[in-house]
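When a ligand or atom number is given, it counts from 1 through the structure's own listing order. Note: hydrogens, waters and symmetry copies are ignored here, and every other heavy atom, side chains too, is used.
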Amino acid sequence: MKTILALETSCDETAVAILRGRNSHSGSELLASEVASQIAEHEKHGGIVPEVAARNHLVHAPRLLERTTLDAKIDMSMVDVFAATSGPGLASSLMIGASIAKGLAIGFGKPYLAINHLEGHLLSPFFGGADSDGQIRPNVSLIASGGHTMLIRVHGLSDYQLIGRTVDDAAGEAFDKVAKMLGLGYPGGPEIEKHARAGDPDRFDLPRSMLESENFSFSGLKTAVRYLLPKLKGDFLADLCASFQQAVIDVLVRKSIAAPRKYGVDLVTMSGGVSCNRKLRRQLGEACARQGFEFKSAEAWLCTDNAAMIAFAALLRSQAGFESKLTEEIDPNLALAL
Ligand code: KG4
Ligand code: ZN
């Protein structure tokens, strides 16, 4: 029964979570999870300023460490493994979480585990328990977030193969940029989803790019919206949001259901901020069912950045015997799979 404390500071959210494995393999119990968002702070600057993000992590992390240990009713000395996101992300932000976790590991004489942020997302559909033998079932995994959009062939824990990735904007980035053009707030995904609810997804014929490729491209779609906007008059916001959202969903769904047969698996998983999107969850679920594939999405609260997913990846890795060296550096460009 291992207790993991994990920090996530790869971008603009400071997060700490404490997770306890129930027995050697099956199941885990989340004892505490806290996320401190810096959105309001960065909105003042019109985007994320790395220097500001790092300083905020320094302010928030000690407070969250105190709160989570109180919530979990544990003492730091009861933690068995200290984990932190070591990449990809902003160097100065990653450094804060990793340094704190390493310091705690040294101070309490416990192991340190460096976790890839994308592996945190990738494993989050299995949160709460892998298979009874601790295995992650082979699957095709869609990670769609603000920084990344990729399809991964998952053979098992730590055994990942890249199927395709975006060649330009990430899906979440497209939501954010289009929301900005429309004068909506940040993050753009939830704003567009909200307005799209009352809209007609067929009103505007927007491009679905690179459908025949395993890679993704969303910048053409964003540009199409930019060119269309000045020509529009009257009430168009809901229909434009709905049409844009549907174009992104069509691409994500089409590629995600084309891959399993080719790669010989019958399970599709989905994670990352964009997978909060209810219409995407529903339509990918329905498309998988039509093809006879099982579909597992991360629960909505686990889709956007958090430390529970980092703690879960650390728990599975720790149970599988992984440990990181204290000399292991953070890597802003850390790859998940080649
Ligand atoms: O995973 P995440 O929190 O951070 C990264 O690792 O990037 O993802 C944030 C992204 C943002 O681009 C945001 O607009 C998008 O996820 N997002 C959504 C929704 N909620 C968040 N996109 C579409 N629909 C949503 N409901
Ligand atoms: Zn993320």
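Each of the following atoms of ligand 1 lies closer than 4.0 Å to a heavy atom of Cys303: 1 (O). Those atoms of ligand 1 with a heavy atom of Glu193 less than 4.0 angstrom away are 25 (C), 26 (N). The distance from ligand 1 to the heavy atoms of Pro187 drops below 4.0 Å at these ligand atoms: 13 (C), 14 (O). Atoms of ligand 1 lying under 4.0 Å from any heavy atom of Gly147, numbered from 1 in the order shown and given with element: 7 (O). Listed by atom number, the atoms of ligand 1 under 4.0 Å from Asp176 heavy atoms are 11 (C), 12 (O), 13 (C), 14 (O). Taking a cut-off of under 4.0 Å to the non-hydrogen atoms of His117, the atoms of ligand 1 that pass are 6 (O). Close approach of ligand 1 to Thr304 is summarised as follows: ligand atoms under 4.0 Å from at least one heavy atom of the residue are 3 (O). The contact set between ligand 1 and Gly188, taken as ligand atoms under 4.0 Å from a residue heavy atom, comprises 14 (O).
Between Leu280 and Met270 there is a side-chain heavy-atom pair separated by less than 4.5 Å.
Nearest N/O/S atom of Asp305 with respect to the Zn ion (ligand 2) is recorded as OD1.
In this structure, Lys102 does not pair ionically with Glu328, as no charged nitrogen and carboxylate oxygen lie closer than 4.0 Å. Salt bridge Lys262/Glu214: present, at least one basic N to carboxylate O contact under 4.0 Å.
Using modelled atom types, one finds no donor on one side chain facing an acceptor on the other under 3.5 Å when comparing Glu329 with Thr327. Counted by atom type alone, Thr9 and His57 present zero donor-acceptor pairs between their side chains at under 3.5 Å. Judged by distance alone, the side chains of His117 and Asp305 do bring a donor and an acceptor atom under 3.5 Å apart. A donor and an acceptor atom, one from each side chain of Ser318 and Lys2, are located under 3.5 Å apart. Side chain to side chain, Arg203 and Ser243 fail the donor-acceptor criterion of an N or O pair below 3.5 Å. Using modelled atom types, one finds no donor on one side chain facing an acceptor on the other under 3.5 Å when comparing Glu34 with Thr68.
Counting protein heavy atoms only, atom 21 (C) of ligand 1 is closest to Gly273 O, 3.3 Å. Counting only heavy atoms of the protein, atom 2 (P) of ligand 1 lies nearest to Asp305 OD1, 3.4 Å. The single protein non-hydrogen atom nearest to atom 23 (C) of ligand 1 is Gly189 CA, 3.5 Å, given as residue, atom name and distance. Summary of contacts: the protein heavy atom closest to atom 24 (N) of ligand 1 is Asn277 ND2, 3.1 Å.
Vertex the Zn ion (ligand 2), arms ending at NE2 of His121 and NE2 of His117: the angle is 100° after rounding to 10 degrees.
Checked against a 3.5 angstrom limit, the closest N/O atoms of Gly146 and ligand 1 fall inside it. Note: no N/O pair closer than 3.5 Å links Gly272 and ligand 1 by distance alone.
Ile100 is connected to Ile74 through a chain of hydrophobic side-chain contacts under 4.5 Å among Ile, Leu, Val, Met, Phe, Trp and Tyr, so both are in one cluster.
Taking the centre and axis of the six-membered ring of Phe216, the NZ or CZ atom of Lys255 falls inside the cone set by 45° and 6.0 Å.
At a 4.0 Å cut-off, not a single heavy atom of Glu13 sits close enough to ligand 1 to count as contact. At least one heavy atom of His121 sits closer than 4.0 Å to an atom of ligand 1.
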